[in-house]
Amino acid sequence: MATTPAASTTPVQAPVPTERVGPPSRPTAPLRDISIMIGGQGGDGTLTVSDLLGRYFHAQGLYIYTARAVLSRIRGGHADASTRAHVEPVWAQKPVQDVLVAFDDDAVKVGLKELDPHGFVLADQGSVKTEGANIYHLPLSITAASKVGNGLYKNTVAYGALSALLGFDVAAARGVIEKRFGRRGGDALNFNLKAFDLGRDLVKEAGLPTPLFTVAPGSAKDHILISGNQACALGFVVGGGRFFSGYPITPATSIMENLDKMLPQFDGIVRQVEDELGAINMAIGAAYVGARAMTATSGPGLSLMTEAMGHAGEAEVPLVIVDCQRVGPSTGEPTRHEQSDLLFVVFASHGEFPRFVLAPGYASDVFEMTVQAVNLAEKWQIPVFIMLDNDESENTQTTPGFDLSKVHIDRGKLLRQEELDKMPAYKRYEFTPDGISPRSVPGMKGGVSQTTGNEHDEWGHVSVNPENRRKMMAKRMNRLELAKPDLPAPHLWGDEKARIGFIGFGSTYGPIREAQRDLKEKGVPTRFFQARTLWPVPKEALATFLEGLDVAFVVEHNYTGQFARLIRQEMPEAAPKLRSLVRYDGLAFRSPDLVHPVEEFHARSR
Amino acid sequence: MATTPAASTTPVQAPVPTERVGPPSRPTAPLRDISIMIGGQGGDGTLTVSDLLGRYFHAQGLYIYTARAVLSRIRGGHADASTRAHVEPVWAQKPVQDVLVAFDDDAVKVGLKELDPHGFVLADQGSVKTEGANIYHLPLSITAASKVGNGLYKNTVAYGALSALLGFDVAAARGVIEKRFGRRGGDALNFNLKAFDLGRDLVKEAGLPTPLFTVAPGSAKDHILISGNQACALGFVVGGGRFFSGYPITPATSIMENLDKMLPQFDGIVRQVEDELGAINMAIGAAYVGARAMTATSGPGLSLMTEAMGHAGEAEVPLVIVDCQRVGPSTGEPTRHEQSDLLFVVFASHGEFPRFVLAPGYASDVFEMTVQAVNLAEKWQIPVFIMLDNDESENTQTTPGFDLSKVHIDRGKLLRQEELDKMPAYKRYEFTPDGISPRSVPGMKGGVSQTTGNEHDEWGHVSVNPENRRKMMAKRMNRLELAKPDLPAPHLWGDEKARIGFIGFGSTYGPIREAQRDLKEKGVPTRFFQARTLWPVPKEALATFLEGLDVAFVVEHNYTGQFARLIRQEMPEAAPKLRSLVRYDGLAFRSPDLVHPVEEFHARSR
Amino acid sequence: MPEVVKPIPATWCPGCGDFGVMAALKNSLKALSVPTEETVIVGGIGCSGGIHNFLDGYGFHSLHGRLLPTALGAKLANPKLTVVAVGGDGDGYAIGMGHFIHSLKKNVDITYIVMNNETYGLTKGQPSPTAKVGFHGNLEGPFDAVLTALSVSSAGYIARGFSGAPREAAQYITEALQYNRERRGFAFVEILSPCVTYNDTYQLWRQQVENVEKIEGYDKSDRAKAFSTVLQVKERGKIPVGQIFRVADGKGAPALDKTLLPMVERSPAATDISLEHNLPKYQKLLASLG
Amino acid sequence: MPEVVKPIPATWCPGCGDFGVMAALKNSLKALSVPTEETVIVGGIGCSGGIHNFLDGYGFHSLHGRLLPTALGAKLANPKLTVVAVGGDGDGYAIGMGHFIHSLKKNVDITYIVMNNETYGLTKGQPSPTAKVGFHGNLEGPFDAVLTALSVSSAGYIARGFSGAPREAAQYITEALQYNRERRGFAFVEILSPCVTYNDTYQLWRQQVENVEKIEGYDKSDRAKAFSTVLQVKERGKIPVGQIFRVADGKGAPALDKTLLPMVERSPAATDISLEHNLPKYQKLLASLG
Ligand SMILES: Cc1ncc(C[n+]2csc(CCOP(=O)(O)OP(=O)(O)O)c2C)c(N)n1
Ligand SMILES: Cc1ncc(C[n+]2csc(CCOP(=O)(O)OP(=O)(O)O)c2C)c(N)n1
Ligand code: SF4
Ligand code: SF4
Ligand SMILES: [Mg+2]
Ligand SMILES: [Mg+2]
């Protein structure tokens, strides 16, 4: 059967979640999937609690996904973080919370909406006024202030209290604190351990039943807990990246910070430059002389890099540009989630030049694809973009340890001095069948050359000869076709026989996989095309994917359904099957957002 | 019948013109369409000769189109210019030349390829070595040097010689010199007049038959000879534009130069700023306080403006941005012709915001649409782009005098103080049915407000509230739908019954109209959809246009067929009928480039 | 009069130096009775840059580093307005450096206040151009905006204050605004404004600030002297503050807006753009194209 | 050895000052026997910026105003190279101003040559930041790069020459390159280079240039003195040229590339990036993530 989806060019907005509150009724069996939200004011240390919980559950062999919602200010304003732990692999936020730690009333207000009926709230007595059957008030900050000497330790007090309420292994829970604060030296470790113990005492003194419920142990081994930005930094280093220049911007900064710690160990250099114009042009300079170079930024910085992208394209300088997307346009919402830079990145800069746009979906994918991106850039002498998105950049998740044996360094046509010595003539932009010219770099004898952003002849000298122009355009642009076999192939997930499909990229991987799991339970099989190369559009693979489908929901975090547009542009024949499913309110999709429209379609199409 | 065009996603390159040379055989009747090419080195004054010829023929009531091909250097290197004059309206270069004025051998080499069999070459004796039956060597520079005292006057000597060879009205030909050099004062006028007379004497002394052939007089009245950039500057002034900030760049500079002369007469200001980042942000500042503001640039500058475009979009500041396109990417070919910024402009800047992208086709269209652009920007509180292209910006053409009676100033919801006084509350970003909020500007009492590039609530304060976000996105983006009736409608040219269509924008208007004329003569009727609003894509009008057609050739100056892509994206159902016809070698289409593929299609489809 | 947007409480960390700067600016605007509707505060991006949200007046939140061209555009288009641009040291001296120097050069009648905390506060404490060597691994010598401002020949008003001494800071700002109102040109005021979260320098700066005006024989209209004094004070390990330079009355480069728009009533924003009003002149203009 | 790209004849207008600058640079590179393959010329956009096409060595044509970050990136990634950035006054002091100041601040061992003709040559003669008041209607006071360079505390080598005196110009460039090779930091050399087509100042400048080093008691290692002398010379209607400032031996900010890469053999471009070479360290790095 073939239901005609709604006019394919109009994106459908994902349904907005509604409130839920309910009376307590504790689960008796250990939870196999738990999510704990910590909410308060910026500066309350919610991220610390979330991080400690993540580390604890990670040590327990569970799969973790942590998420955060903070404001673009340093202190004050509502901030929350959540830690999810699951005995099975997990890639997204849980649609509901099992526990809420609230440092103020705002946190209760925000968190209660998401609290599962069986859940409870651990509230900071004195700061939280809201009452309720499932709200337990403990004097977290008062205890921290009076007994540790600083109210800020309320976060670790809360962690201690939770460890009692959820029946944690005490030694393991303390071990996490030791690991996290041990390096810092000073009193930090002792104060935190004290705060932890005080938290446990508070629960006891309050006479709360312990544990309220427990969490099943997991069996994940050799997995690591890591954010997308960390994975990107690691991938860059392992991929042979040795030069990074950037400028701080949320949510990209931590790539620079991570590399700052790593690269100097490998004769590499990290520079924080005066602005993004400087950052990208400095990376181009480094790449030009033969260092594998990268820059990373978010929307506003990316926009500033526009001119230089074209320079790298015309001059054929290998360069990797990471875009950690956030809510746009303009300054937008600096700490919120979106995937709205895609069409900009694909068509950015005046004029036309080839580029690859890659989008990994989860931490280990980020690692692998960053390695690949550095290779691709050098092999195809082309700027390569890696699109991340806020949640993927910042949220940590459990991922298999990285497989270094798969890593392979391909320097493409970068010449060795012996090769160069044997050439009769060296032309930087020599016409070749694949459009890639052998590349010498400054310092190499006999490879002297001209590299330029002007249209040029094979030698690199300025040329406006129309015939030369036609050939040079073809030389560059053909790469989009020729490179296809080299580009990251899509991953396909789910039921091969399904007639309903998802198409997505980046962090929507998580909610889509979860929705697939949930839909399967409801008897609705689906297939998922996880696009990993967005440009050039993987036409052949998409065509095959669409063949057996009635509909493909293109899931993205933007208003206009950008990837769907791109597919239509390249494959207009695919349009009737595409249905955009978008969300653009700064929050990530959760499984129900996707389950609902699919179920509806499924019901109608029966 | 319905021939299926070649895979619609692969643009077809226009055929490359081949050489033509031939023996002399002079026309006896006055030419109704003449083109004179002047070639030499940069600094030889080729543009001056072209300009004088244009003014002469203009005064004779002919329709003029001048074109130029110069290098991005000040002196030296091949440069040429051509002047076409036609008794009927003309909008593009003639495919062949009737006369070639050559100041060096390169000019002969370049020009001979284009010379009509009946044509002749006026060559500068001493500098040009090439011989040929139709090549007349006259000592232009030697005479200028020895008798006027400066070899540079060779250009006016050439003009004088031409006036004799083509039987010009002497008084009128001298009048043109007076008009052009009279204002300058000093010896310029006298030296030029002397050089003119010397040129006539040279012809006489050489004993050349005069005239070799003549040009028919025309009857164009009340027309003006103007370039697109001049028309744009005028449109801006008349449209109430009062603030312009820019930075020099070919081929946009002359908009600033023209405005620099005009705006101060109207309490307006023109500023050359330190860079394009400064230019656009300064214009935004001026627009914010209520001045109608514009900036103009070309590719590299446009790329630098990317971040601020999004700011104007999010902050809802009215702004006009002119993009005088040249060959990209990067520095590309600064003085050559292209239309390759379209997709960049449509999707430029991270995140999503509405914008209008307009593309006028000829000088009077530029004037009218610039007036419209300034209105649209203020009415819809949105950035509006005007896309010009190199030839449209720089080439002069005959155009009807501008009709001021059609001009109308619409300030949209800009509040008057009396209106503001009566409002109970003033919110800069108030939700309204059409998404446009009443606008106060600094200086107005009771209109104090916050304007920002952050996501904001109705008051203009920062907000990350998801519901507010959804509403604000809709408020802004809905304009793309709501404004449609307001946007410049396409012009339709040619035969309503034709089954072959052209779709084009910008300066391809000229070659398409000429190709239509030529095709009609060959019995192939065509229709032409001159798109004047490119974004939002005029879907409804296009659908109607495509209805009766077998094929629509989308004609553009870029490699990837950008407008065709945009149409496919928005109207995938139209894809089967679209066939891209592109040229991207820096030169403008000429009629035969378009006639040939259409004829071929026509022949095959019979 | 309609209800209008209300300033929100400042979102800065408790104790942030920016509170002092805001108080100073508020007092200065009040002292000069600048009408709210003629006040335009253009903020940069950074903790500091949010200031317009916390003040009365028309507020414009610009892009990171672009507040100056925006503010100049606003003033040039309507010179009646009192335009104050306020941003951080990262905003002004890193990404905004080009505009900073060119604004000094252009000499338009606006006041530019930089809240210098030697760090990027909002992005969590990276070294800014004014950061000391060693701060978070910084290897670059710190930029001194006062020295560089002195090097730009059109710069006529340069002061540096400390948010720990808000009265003096207010005085420099008041004089700066006054200087603008006299149409003498661009006024630059840097205020040392500690970031208590990432770079708490209150104690240090309190000890280090030294008012150059109190130095015997200091002549604030002598550019070379000012330059050498600032260098000397710094060599002593102190931070020069005070009204460091103020061009002598009757000297100095003319203000650009004054040259362009001697009568503030006839400005790009104020002029009548209706067709009727301009028709004869438009016709003349078109005719001149012949 | 393969045949490689040949320099093309300079495309400047006959008589353009840039010919003198090119001759000077050529002579300096020769005098120091810089190997062609270790020479990197990074050009800006402008008439001046085409220079790399006319010289032997690796050439890189950068974007308008971005030659400095590009050149710094090249040097930082491979400090063995001799990197010279060359561009115009529009390129360097207008659109490139931010990078100019920050390059002085960063203090990487490259030489930056600005060909100052007080105009935008390639776009046909508009006023540049150094243009005099009145030139094509210019209303802004001219920018003096030497004064501003002096204001940046890390700046250690500042000279100004005149293309009409190519021997002296070559001398400043040679010393600049020498300063780089000693790894002392960034060297800035402005050369007055008349644009004969749009701003022919040959005669004027020939009369106006005054070598500060010849002034009695001039001490080029004294920043404050240099600043005041430059101001004085200008007040006399002259243009100060010469080696205006050179930080005393043993003083001055450390060169950034030297700090980061004390051994030039171990640089981002030179290091072995193969997996085999790095595997143990990668494994350690991964393990540290736990
Ligand atoms: C183009 C761009 N790049 C980077 C950022 C991220 N960013 C926001 S604030 C800031 C620095 C703020 O430092 P500063 O100007 O000193 O202000 P402070 O927070 O210290 O007051 C940066 C880099 C941005 N918003 N835009
Ligand atoms: C981003 C950008 N804006 C503008 C231009 C146009 N442009 C080319 S050269 C030039 C100015 C050149 O002046 P200068 O640097 O002084 O060099 P000169 O030609 O005088 O040697 C400009 C504005 C450009 N290429 N790129
Ligand atoms: S982070 Fe620093 S600068 Fe920002 S508000 Fe807090 S104290 Fe102030
Ligand atoms: S225009 Fe001026 S700067 Fe350019 S090459 Fe000619 S003389 Fe030299
Ligand atoms: Mg700061
Ligand atoms: Mg110049």
Side-chain angles (χ1 to χ4, degrees), chain A residues 179 224 226 230 234 237-238 240 242-243 245 262 265-269 271 273-275 277-278 281-286 288-293 307-308 311 401-402 404 407-409 420-421 423-428 441-454 459-462, chain D residues 1-6 8 11 35-40 42 45 50 52-53 56-63 65-78 80-81 83 98-99 101-102 105-106 260-261 266-271 273-275 278-279 281-283 285-286 289-290:
Chain A
K179 188 141 185 199
I224 53 179
I226 196 174
Q230 274 180 295
L234 276 167
V237 174
V238 171
R242 291 298 179 265
F243 193 95
S245 40
M262 300 175 189
Q265 306 170 37
F266 298 93
D267 302 329
I269 284 186
R271 285 291 89 203
V273 189
E274 61 270 22
D275 59 16
L277 300 162
N281 283 287
M282 189 178 273
I284 286 176
Y288 161 60
V289 303
R292 291 193 154 192
E307 192 196 11
H311 192 273
F402 302 134
L404 293 180
V407 171
H408 153 80
I409 305 290
L420 185 55
D421 291 342
M423 294 174 78
Y426 176 71
K427 300 179 187 173
R428 174 66 194 94
V441 295
M444 293 180 79
K445 274 193 188 141
V448 163
S449 57
Q450 294 293 338
T451 302
T452 171
N454 286 61
W459 296 105
H461 278 313
V462 170
Chain D
M1 286 252 291
E3 179 194 350
V4 295
V5 60
K6 272 179 250 336
I8 55 167
T11 54
T36 316
E37 72 271 13
E38 288 183 10
T39 306
V40 177
V42 181
I45 300 283
H52 56 95
N53 287 302
D56 258 325
Y58 279 86
F60 190 93
H61 209 167
S62 181
L63 288 168
R66 311 298 161 209
L67 77 181
L68 281 172
T70 313
L72 301 187
K75 180 74 182 181
L76 285 171
N78 185 353
K80 264 188 176 166
L81 304 170
V83 179
H99 305 310
I101 309 287
H102 277 276
K105 181 175 182 305
K106 286 201 177 65
L260 291 169
L261 305 165
R266 298 191 50 184
S267 71
T271 192
I273 62 169
S274 69
L275 188 69
N278 295 285
L279 195 58
K281 273 161 94 184
Y282 290 161
Q283 274 158 342
L285 184 62
L286 288 178
L289 296 170

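Chain letters run A, B, ... following the sequence lines, proteins first and then strands; every chain starts at 1. Only this structure's heavy atoms are used, side chains among them; waters, hydrogens and symmetry mates stay out.
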Is there a side-chain contact between [X] and [Y], using heavy atoms and a 4.5 Å cut-off?
X      : Y      : result
D:H99  : A:D275 : yes
D:L286 : A:L404 : yes
A:Y288 : D:Y58  : yes

So which of [options] has the biggest tally of heavy-atom pairs under 4.5 Å with chain D?
options                        : result
A:L420, A:T451, A:V407         : A:T451
A:G401, A:S449, A:G240, A:A293 : A:S449
A:M282, A:Q230, A:M423         : A:M282
A:L277, A:V273, A:D421, A:V462 : A:L277
A:T452, A:I409, A:L234, A:V289 : A:V289
A:A283, A:A291, A:G453         : A:A291

Of the listed residues ([options]), which shares the most heavy-atom pairs with chain A below a 4.5 Å separation?
options                     : value
D:K80, D:E38, D:H52, D:K6   : D:H52
D:A77, D:P69, D:A270, D:G57 : D:P69
D:I8, D:N78, D:V40, D:L72   : D:I8

Looking at D:Y282 and A:V237, would you say the former's side chain and the latter's main chain have a donor-acceptor pair under 3.5 Å?
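Checking the backbone N and O of A:V237 against the side chain of D:Y282, a donor-acceptor pair under 3.5 Å is found.
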
With no hydrogens and no angle check, is any side-chain donor or acceptor of A:H311 less than 3.5 Å from a backbone partner on D:H61?
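Side chain of A:H311 to backbone of D:H61, a donor-acceptor pair under 3.5 Å: yes, one is there.
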
Which residues share a salt bridge (charged side-chain N to carboxylate O under 4.0 Å, His left out) with A:D267, sequence neighbours left out:
D:R266

Where on [X] is there a heavy atom nearer than 4.5 Å to chain D: the side chain, the backbone, both, or neither?
X      : value
A:V441 : backbone
A:R428 : neither
A:A308 : both
A:I226 : side chain
A:I269 : both
A:N454 : side chain
A:S245 : neither
A:P442 : both
A:K427 : neither

Give, as side chain, backbone, both or neither, the part of [X] having an atom under 4.5 angstrom from any heavy atom of chain A.
X     : value
D:T36 : both
D:L68 : neither
D:L63 : both
D:L76 : both

Taking side-chain contact (heavy atoms from CB on, under 4.5 Å) as the test, write out the residues that go with D:H102, two or more places apart.
A:E274, C:M97, C:P129, D:K105, D:K106

Any idea which heavy atoms bring D:E37 and A:V448 closest together, and the distance?
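The answer is CA-CG2, 4.2 Å.
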
How long is the span from the [atom1] atom in [X] to the [atom2] atom in [Y], to the nearest 0.5 Å?
X      : Y      : atom1 : atom2 : answer
D:L285 : A:F402 : CG    : CZ    : 10.5 Å
D:R66  : A:I284 : CZ    : CD1   : 11.0 Å
A:R292 : D:T271 : CZ    : OG1   : 12.5 Å

